[in-house]
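Working notes, beginning with the structure itself.
Note on naming: letters A, B, ... go to the chains in the order of the sequence lines (proteins, then strands), and numbering restarts at 1 for each one.
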Amino acid sequence: LRPNVNRAILRWGLSDNVFVEVRLRLNSLANNPARQLVRTTEPIDGMSYTFGLIDPQNRLCEHFFRFHVLYGQDEETIYVVGATHFRQIG
Amino acid sequence: MATSTLTLEIERAEAGSQAVRAWVPLTDFAARARLLETHIQEALGAPARIKALVRDVIAAEPKDGTIFVYLNQQRKALIECFRFTLDDLQTTRDLAWQSERLGYSVPSLPLLEKTFAEVKLLEEYTLRDWAEFDPNAKADPEGAIPLDEAFREREAKLSPELRRELQSRLEAQRQSGDPEVGAVG
């Protein structure tokens with residue numbers, strides 16, 4: 001993770017349950033990136049990793065996560081360089 | 001499309017705000033209280049309209065590789081939409097309180113207060129963590145934090161039960177090599 005992404009995720013103030021799901025999703029991305037990434041095009045080139053989940057403590061709240069991912073020069077390491085989170089209620 | 005709906009919502013809020021401001025010189029306070037009441041009735045629908053907009057924005061996410069550009073554009077449009085909507089609600093609220101102080105009741109004022117608070121909360125839920133994507137982001141290894149290290153402190157704060165659950169599901173992912181194992185929803 002780029003430090004800005006790490007800081008952002010920690011700043012989101014996710015509940016423990018939602019944080020655990022995000023942690024697991026990022027781990028699954030690391031395990032098998034090719035299966036889950038979607039290519040993006042100019043002007044924001046790279047790959048996107050997106051998912052949503054329902055807040056287990058508030059079923060009316062849905063969280064959406066969008067990550068900007070780039071492959072390193074070794075073409076194996078992936079870097080999460082951007083991240084955003086928004087919520088929808090009701 | 002979400003963008004055109006957003007534009008309409010911004011225009012609606014902007015027009016509402018300007019219309020309310022234009023009432024200020026009105027000297028017939030009873031008429032103004034009635035106008036405010038009518039305007040409030042429409043303003044009470046703002047949270048539902050904004051929720052529908054956010055739903056539309058998510059539903060219309062493109063699958064052609066332009067998602068980050070789209071999200072950056074929608075973020076800007078939603079910021080404007082919230083700004084105009086809150087401005088409209090606040091102006092109406094201020095005038096309604098003024099009217100009350102002058103002895104001309106605006107019966108829906110308490111509902112307007114509730115609506116204002118609801119839209120503020122929606123704004124926070126929608127935009128607080130919605131960062132702009134950077135077209136110049138680089139895959140720079142310097143300073144990058146491996147995933148296993150990135151959340152150590154955060155994971156240490158989890159309850160023992162949740163920490164165990166996380167570890168066991170991470171282990172299941174490792175063993176199966178299947179990213180879906182242990183994933184929810």
> Which one of A:N4, A:V81, A:D45, A:N27 has the most heavy-atom pairs closer than 4.5 Å to chain B?
Replying inline: A:N27

> So which of A:L70, A:V5, A:V38 has the largest heavy-atom pair count under 4.5 angstrom toward chain B?
Replying inline: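 Among the listed options, the one with the most contacts to chain B is A:L70.
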
Closest non-hydrogen atom pair between [X] and [Y], with its separation:
| X | Y | value |
| --- | --- | --- |
| B:G143 | A:P3 | O-CG, 3.2 Å |
| B:A139 | A:G72 | CB-CA, 4.2 Å |
| B:A150 | A:N6 | O-OD1, 3.3 Å |

Is [X] salt-bridged to [Y], cutoff N-O under 4.0 Å?
| X | Y | value |
| --- | --- | --- |
| B:R55 | A:E62 | no |
| A:R23 | B:D148 | yes |
| B:R154 | A:D16 | yes |

> Is the count of non-hydrogen atoms from other residues, nucleotides or ligands lying under 6.0 Å from A:Q57 atom CD greater than 12?
Replying inline: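 Yes.
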
Most chain A-contacting option - heavy-atom pairs closer than 4.5 Å, from [options]:
| options | result |
| --- | --- |
| B:N72, B:L122, B:L170 | B:L170 |
| B:P62, B:A48, B:A144 | B:A144 |
| B:P141, B:P146, B:S159, B:A137 | B:P141 |
| B:E153, B:E155, B:E165, B:E149 | B:E155 |

Taking the side chain as C-beta and beyond, is there a heavy-atom pair between [X] and [Y] under 4.5 Å?
| X | Y | result |
| --- | --- | --- |
| B:T66 | A:T41 | yes |
| A:Y79 | B:K138 | no |
| A:R66 | B:I67 | yes |
| B:V69 | A:P43 | yes |
| A:V22 | B:F151 | no |

For the atom pair [atom1] ([X]) and [atom2] ([Y]), what is the distance rounded to the nearest 0.5 Å?
| X | Y | atom1 | atom2 | value |
| --- | --- | --- | --- | --- |
| A:L26 | B:L147 | CG | CG | 5.5 Å |
| B:R169 | A:S28 | CZ | OG | 10.5 Å |
| A:L1 | B:I145 | CG | CD1 | 6.5 Å |
| A:R87 | B:L121 | CZ | CG | 8.0 Å |
| B:F133 | A:I44 | CZ | CD1 | 8.0 Å |
| B:L71 | A:H68 | CG | NE2 | 11.5 Å |

What part of [X] is in contact with chain A, defined as an atom under 4.5 angstrom from a non-hydrogen atom: side chain, backbone, both or neither?
| X | result |
| --- | --- |
| B:K63 | neither |
| B:D64 | backbone |
| B:E142 | backbone |

Contacting region of [X] [heavy-atom separation from chain B under 4.5 Å]:
| X | value |
| --- | --- |
| A:V20 | both |
| A:F86 | both |
| A:A83 | backbone |
| A:F51 | neither |
| A:N17 | both |
| A:T50 | side chain |
| A:I9 | side chain |
| A:F65 | neither |

> If you group Ile, Leu, Val, Met, Phe, Trp and Tyr by side-chain heavy-atom gaps below 4.5 Å, do A:Y71 and A:V80 land in one group?
Replying inline: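 Yes.
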
>> According to a hydrophobic-cluster definition based on side-chain heavy atoms being under 4.5 Å apart (Ile, Leu, Val, Met, Phe, Trp, Tyr only), do A:V18 and A:I54 belong together?
In response: no

> For the side chain of B:Q173 and the backbone of A:N31, is there at least one donor-acceptor N/O pair under 3.5 Å apart?
Replying inline: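 No, B:Q173 side chain to A:N31 backbone: no donor-acceptor pair under 3.5 Å.
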
> When you measure from the side chain of A:T84 to the backbone N and O of B:D129, does any donor-acceptor pair fall under 3.5 Å?
Replying inline: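 Judged by distance alone, yes, a pair lies under 3.5 Å.
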
